Amino acid sequence: MSTIAVLTSGGDSPGMNTAVTAIARNAARLNMSLLGIDRGFNGLLGKNPEHDFIHLTMDNLLDIADQAGTHLRTARCLDFLKKDVQANAVKLLRQMDVTGVIVIGGDGSFKGAQALCENGMPCIGIPGTIDNDLSYTSMTLGYDTAVNVCVDAVRAIRATSRSHDRPHVVEVMGRHCGDIALMTATATGSEIVICPEAGRWTVQDIAKRLQSHIDRGNFRSTIVVAEGAWEKMRPFDLYKFLTPYGKEVFKGEPMTAYRFASVMKRLCKMPDGTFPEVRHTVVGYTQRGARPSARDAAFATEAGIMAVELLKGGVSNRVIGRQKGVVFHEDIDKAMHARRRFNRKLYDTLNSL
Ligand code: F6P
């Protein structure tokens, strides 16, 4: 009976547990045994092998399939960037009779998978990150769930914004990728969206747009901001110029949703000459800690099944993705070099409505 291993790495994402369950079910069907590695690549550092490798069976896995978070736990392991650490990890895996590893995570985790392959350990990657920032696939585990969480949040915010005639700034996650923000804004009919891919922007640009909505009688605009867009604001620490005291408070600090809402308030005017009451919400980790949506769970199951089949067939160095509804696998090096796509046309159109 051959043994394979699975780990989850980087930020947790809804669907990771579903994928691990599918891996366990298919491994059992194909008469392979499965080890779960605790806390991502940390579990391969050899510090505590008795605890870092967990035998995964139907008994301890069937109930986790639709749960949030990752049962195997996760980490961002900087030590794993070191060549000697990578070589030792492969030695450790061989001592445990492991013949292949499935890595579930984002681009940093895929770099770890590449390192394992380079050291002779067959590896398959499953894209697990809410950010959707892996260009070779149209979907990563957790992205759809995160968007659904954000859409629910924005719908609720828009309801209370309408009741009070208040504009609202909503910050969503995604690191340097604006996909969560763009999809959320599109699905909710939000008036303004700011994504890092669109490049530099200023508070004056946005204030002008917000003012044009106020002038048209819409006092409850939603401004959806991808967290990575704060770094693209110019100058990035403009906040200091806009305090009512004229002082350089927060000098050198970046913009935040809270600060941005107060700046928007000061730069815009309601028809009666008063400031609009601009509020803010940071959706935050609720995006990562949700139970997987049907789309994410279905992709996780298909990806888990495929990963085991690939290892069983002696295939390595591949990552799994989904395009136009079809689950496929791709060479890991090629996948990591795929060009980023951003729907600029949709972005510009939304912002011009
Ligand atoms: O990569 C997933 C992600 O949730 C990003 O959207 C976010 O910027 C980051 O992780 C947060 O990381 P941490 O869990 O280390 O705070």
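For this chain, numbers begin at 1 and follow the sequence in order. Just follow the structure's listing: the first ligand is 1, and inside any ligand the first atom is 1. Computed from a prediction, not measured in an experiment: that's the story for all the values here.
For Met173, the CE atom counts as densely surrounded, since its 6.0 Å shell holds more than 12 non-hydrogen atoms of other residues, nucleotides or ligands.
At a threshold of 4.0 Å, the pair Lys345-Asp348 does not count as salt-bridged, since none of the basic side-chain nitrogens sits closer than that to a carboxylate oxygen. Here Arg29 pairs with Glu309 in a salt bridge; the nearest charged N to carboxylate O distance falls below 4.0 Å.
The shortest N/O to N/O separation between Ile130 and ligand 1 does not fall below 3.5 Å.
Summarising the geometry of Phe260 relative to Ile206, their closest heavy-atom pair is CZ-CG2, 3.8 Å, with the distance given to 0.1 Å.
Protein heavy atom closest to atom 3 (C) of ligand 1, with residue, atom name and distance, is Arg288 NH1, 3.5 Å. The protein heavy atom nearest to atom 9 (C) of ligand 1 is Arg175 NH2, 3.5 Å. Here the protein heavy atom with the shortest distance to atom 16 (O) of ligand 1 is Tyr285 OH, 2.4 Å. Of all protein heavy atoms, the one lying nearest to atom 5 (C) of ligand 1 is Asp131 OD1, 3.4 Å. Protein heavy atom nearest atom 12 (O) of ligand 1, with residue, atom name and distance: Arg76 NH1, 3.4 Å.
Contact analysis leaves Gln287 out of contact with ligand 1, as no non-hydrogen atom separation drops below 4.0 angstrom. Residue contacts with ligand 1 include Gly174, since one of its heavy atoms falls under 4.0 Å from the ligand.
Taking the ring centroids of Tyr258 and Trp230, they lie at or beyond the 6.0 Å cut-off.
Within the 4.5 Å cutoff, no side-chain heavy atoms of Pro167 are placed close to those of Phe219.
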*Under the side-chain contact (heavy atoms from CB on, under 4.5 Å) criterion, do Arg175 and Glu227 qualify, and how do the steps go?*
CA-CA 6 Å; Arg175 210 179 280 269; Glu227 60 179 0; 4.2 Å; yes
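Contact atoms of ligand 1 toward Glu227: 5 (C), 6 (O), 7 (C), 8 (O) (distance under 4.0 Å to a heavy atom of the residue).
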